[in-house]
Each structure stands twice: as structure tokens, then as C-alpha cells.
Amino acid sequence: MTDRIALKGRLLSFKDDPATAGAGALEHHEDGVVLVADGRIGAVGPAGSVDVGGAEVRTYPEGCLILPGLIDPHIHLPQTRVVASYGAQLLEWLQTYTFPEEGRFSDRRYAAAVACFFHDELLRNGTTSAVVFCSVHPESADALFAEAERRGMRMLGGKVMMDRGAPDWLLDTPGTGYAETTDLIRRWHGRGRLGYAIAPRFAITSTEAQLAATRALVQENPGCWLQTHLAENRAEVRLARELYPEAASYTDIYDRFGLLGPRSLFGHCIHLDDKEVERLAATGSVAVFCPTSNLFIGSGLFDLARLRAAGVRTALATDIGGGTSYSMLRTAAEAYKVLQLNGQNWPALDAFHAMTRGNAAALGLEDEIGTLAPGSAADMVVLDPNATPAMRHRMEAVKDGDLAQTLFVLMTMGDDRAVLETWVAGRCLHRRDDGQTIDP
Ligand code: GUN
Ligand code: ZN
């Protein structure tokens, strides 16, 4: 078998953010070729302009779109069986459904089995990279990284640190959380395509001593990311303020411990005052929009226009299992509706940028993932806008394959059924019509 493969068909990738750079942001070829060599993008361009000599050429049906793999920057591995838990808002949802399920991840075998399912499901949905919260148990982070490594995926993650506010059997301590995180970073961060995201769960489940230990971890490991939750739900904000009365705001709790910065990802960011928004912007911190979760747990409406106008970097994520779908397409559809409720429009090109290069840029990884630029990893997804009878019927009304309309149909009506293939580092690891994810 050759290690050079050429994918031929309609291509779309982003060189920049279309919201600010306009049409010049797009790399779009109706009849294009992406050449893959040794797991990376070798060349991209209109068919005929790319030398595919010696490569195996795969031609996709008219209408299909070849894109960079989708990126999910906020998802919980131990919540695959928490999805669709009825009738509670955040704090009650955590206590009633989430903590009991996360308790099962002390069992290495259980963690490994779920990690396998989790990666299958990401790939079935066209997601090739994610930033993952594991449970408090280091075993769960080992399971995540081992499975990601087996598939060659660019995955970031970390065990949550939590030393209060949950059942005793689910807590670490400032000392053990620090030691276990340090050990996981040493064993996994920078190994192959893996990266570590230090994960104090949120201010409510960490004491001051644990946030101080988190500061030390961040300072000692500047190549790692930080992930946590911020201002998701009003009762959560109230409780965080009660637990940290000296802080001027919820954001200020993290700020006082030096946890804001360009490698810091804050899930939700719904209930923020102007000063908090200013601090997120000034520090280059990332606000992660999780629309299916925010709707399902009844948390509130993310104000994308406000955050972007203030200069806050943003990302888009599923937040399984508060979120209800592994599909970034469905996530984009719900984001669109949340923004509609706030009188904001969100063009499909912006949504597809968010799911690919935008999320990569939020991680500082846009030179490695999220685009089809030469030199990037060959992580790709092939989407089929005619995946279902209803989509096919709708697509008949799209004139001349108009790109923006096609993308809007894909994000509004599409889900895992629209994912024809998913490629990781130049290998096809999911083919829809084979019915199952391909074991590497
Ligand atoms: N805040 C703290 N932990 C969690 C979690 O697991 N899910 C969500 N949605 N919010 C959180
Ligand atoms: Zn979350």
C-alpha cells in the first residue's frame, strides 16, 4: 500500500476567520485534491494543480465535502451514561446523576471500555480531536490517553481535581491531586499527539489550597492547558461567591490564583459582568460555548456577540454529558438557535470555521490541526449533505451547490449520518457505510 493518498472532491478549509477576513479566509475548491503523505497534508488545491503521481486517488461523490476533522474542546469522558438525565439543573444534576457515574471510573477495566466507546463515537461524528475532562481517578486519564494513542488521535485531557463539594469517595486532596496530575503529565503530556489539560473541576469543588496547588501545576508545566467551568448557572455563581467571599467575582476567583491565560479554557461563561469579560479578554482566556448543554440543563444563553466584541477568544463544544449530542454539527445547530434567541445571526461559514480552525486556534494548535494546510496533520472528515431523505429533498432546492446554503443544511439537519468518513493522521478510521469504526 502506498503512503501517499489523494482525496478528490469538493474541499473546504479556512486560512483565517471568515467573520473578520471575509471570503479571503476560505480555501474552497469545487473540484479539489488534498494529497496526504506520511500522515500529513502534502498539498491542496484545484484538481490538476496538485501532482498526485504515485498516490492512490479516492474520488468522492458529487456533493460531498472534504473538510478538516472537527474539534470538540469541552467534553467529559465519564459522562457517556449521564447524557439524557432528566429534570435537574447543574448542582442537582451533578449530585444526582454525574457524581455516582463518575465513581465507577476507579475501575480500570470500566474506564478502558468506556474510553473505547467514547473514541468510536467521536470518530462516528467526525470529531478527530477533543479536550476531555476525565474523572478524579488517574485511571480514567490513563484510559483516555491509551485509547487516543492507539488510534493516533490528537487528544488533550486530564483528571479532574476536586477536594470538596462531592461525596468523599470522589474527592482527592490538594496534595494527591497535585501529585497525580504531575505524574500523569510526566507520563502522557507530549507523548505522540497527546497533551495534558490540568483540570480543577470548578471553584465549588476546589478549596483555596487546591486552587493554589493548581497555580503551581500551571507554573511548573507551561506547555499544558488548563480547563475548568465558569459562570454556567446562577445558583453555581452564588455558591462560588459564598465560598470565595474575598473574590470580586467568579472569574476573579480563578484570576487570584493565576489561572487565566491563553491556554486556559473556561466552559460556559454565561453569567458574567463586564469586568469579568474584560479580564477574560485581557488575559487571552477562552470562553467555551456549549449550547446543547446550556439548553438541556437550563443554564442560560451564551452571548457570543458580546464576548467577541469585547475581544474574548471563543470556542464551541458538546459538553457531553450535560450536552446531548456528540455531533459538532448538531452542536452548531443548537448554537445557531441560542444566538437567534439573542437576536444574533451566525453564518454557516462562521460555524464551520468554529468547528475546525476556530477551535484549533482556541487551543493554539491551528498550525497542526483544524485546516487542510500543507504540513498539518491529515485529520479530515468527509460530509454528505444528502445523507437522509429529508436532507436530499432539501438539497434539491439549493441552487448550483451554493456553499453557504449547503453548509447550513449540513449543520441544521446533519448529524452522525452525514459523516461519510473520518480520517486520522492519514488513515481512514471511520466509514459510515461499513457501519462501524475501523479498529486501527
Ligand atoms: N460544572 C462542574 N462540573 C460540571 C460538569 O461535569 N458538567 C457541566 N456542564 N458543568 C459542570
Ligand atoms: Zn463540562
Side-chain angles (χ1 to χ4, degrees), residues 70 72-105 107 110-127 130-136 140 143-144 147 157 160 166-167 170 201-202 205 227 229 232-236 267-268 270 288-302 316-338 341 355 387-388 390 411-419 430 432 435-437:
L70 310 180
D72 184 351
H74 184 124
I75 183 167
H76 295 258
L77 168 75
Q79 295 181 14
T80 55
R81 289 190 165 118
V82 179
V83 182
S85 292
Y86 179 76
Q89 295 214 343
L90 179 64
L91 299 179
E92 185 193 349
W93 174 86
L94 285 169
Q95 299 289 344
T96 311
Y97 301 115
T98 308
F99 293 155
E101 174 61 18
E102 292 198 6
R104 302 177 71 180
F105 286 74
D107 177 347
Y110 186 71
V114 172
C116 183
F117 168 81
F118 181 82
H119 285 81
D120 280 352
E121 198 58 19
L122 292 181
L123 292 170
R124 272 184 1 85
N125 282 281
T127 299
V131 188
V132 184
F133 287 88
C134 300
S135 71
V136 74
S140 68
L144 169 81
E147 193 60 42
V160 292
L170 205 56
R201 183 177 204 118
F202 64 161
T205 47
Q227 57 175 347
H229 298 84
E232 175 176 6
N233 162 289
R234 290 192 189 282
E236 172 213 10
H268 307 296
I270 297 170
V288 187
F289 181 11
C290 305
T292 73
S293 170
N294 298 160
L295 293 170
F296 183 75
I297 322 185
S299 301
L301 305 179
F302 185 89
L316 175 72
T318 65
D319 191 29
I320 288 288
T324 50
S325 174
Y326 293 83
S327 168
M328 287 300 295
L329 297 174
R330 289 191 76 157
T331 301
E334 299 310 291
Y336 176 86
K337 295 172 197 169
V338 165
L341 285 169
M355 290 182 256
T388 67
M411 69 183 251
T412 305
M413 301 179 77
D415 51 28
D416 53 319
R417 293 169 297 178
V419 176
H430 169 70
R432 179 188 67 192
Q436 65 182 41
T437 301

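Here the structure is a predicted model, which is why all the values come from computation and not from measurement. For this chain, numbers begin at 1 and follow the sequence in order.
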Do you know which two heavy atoms are closest between [X] and [Y], and how far apart they sit?
{"X": "Pro100", "Y": "Gln95", "value": "CD-O, 3.5 Å"}
{"X": "Ser135", "Y": "Phe105", "value": "OG-CB, 3.3 Å"}
{"X": "Ala317", "Y": "Pro291", "value": "O-CD, 3.7 Å"}

Are [X] and [Y] close enough that a side-chain donor and a side-chain acceptor fall under 3.5 Å?
{"X": "Ser327", "Y": "Asp416", "value": "no"}
{"X": "Ser293", "Y": "Asp319", "value": "yes"}
{"X": "Gln89", "Y": "Glu236", "value": "no"}

Requested in this report: Could you label the plane-to-plane angle of the His229 and Phe202 rings as parallel, tilted or perpendicular, counting under 30° as parallel and over 60° as perpendicular?
Outcome: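 Correct class here is perpendicular.
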Report task. Go through the steps for His430 and His119 under the test ring pair (Phe, Tyr, Trp, His ring centres under 6.0 Å), then give the verdict. Result -> CA-CA 11 Å; His430 169 70; His119 285 81; over 10 Å; no
Requested in this report: Indicate yes or no: at least one non-hydrogen side-chain atom of Leu316 is less than 4.5 angstrom from one of Met328.
Outcome: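 Contact flag for Leu316/Met328 side chains = yes.
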Report task. State, with a plain yes or no, whether a side-chain heavy atom of Asp415 is found less than 4.5 Å away from one of Leu329. Result ->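 Sidechains of Leu329 and Asp415: no contact.
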Requested in this report: Only one of Thr80, Thr292, Thr331 passes side chain to side chain contact (heavy atoms under 4.5 Å, CB included) with Tyr326; say which it is.
Outcome: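 The side chain to side chain contact (heavy atoms under 4.5 Å, CB included) with Tyr326 is passed solely by Thr80 among Thr80, Thr292, Thr331.
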Query raised in the report: Salt bridge check: are Glu102 and Arg81 linked by an N-O gap of less than 4.0 Å?
Result: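 Judged by the 4.0 Å cut-off on N to carboxylate O distance, Glu102 and Arg81 do not form a salt bridge.
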Query raised in the report: Can you check side-chain hydrogen bond (donor to acceptor under 3.5 Å, both in side chains) on Thr127 and Asp72, steps first, answer last?
Result: CA-CA 7 Å; Thr127 299; Asp72 184 351; 5.5 Å; no
Report task. Taking the six-membered ring for Trp and the full ring for Phe, Tyr or His, determine whether the centres of His74 and Phe133 are under 6.0 Å apart. Result ->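 Under 6.0 Å, so yes.
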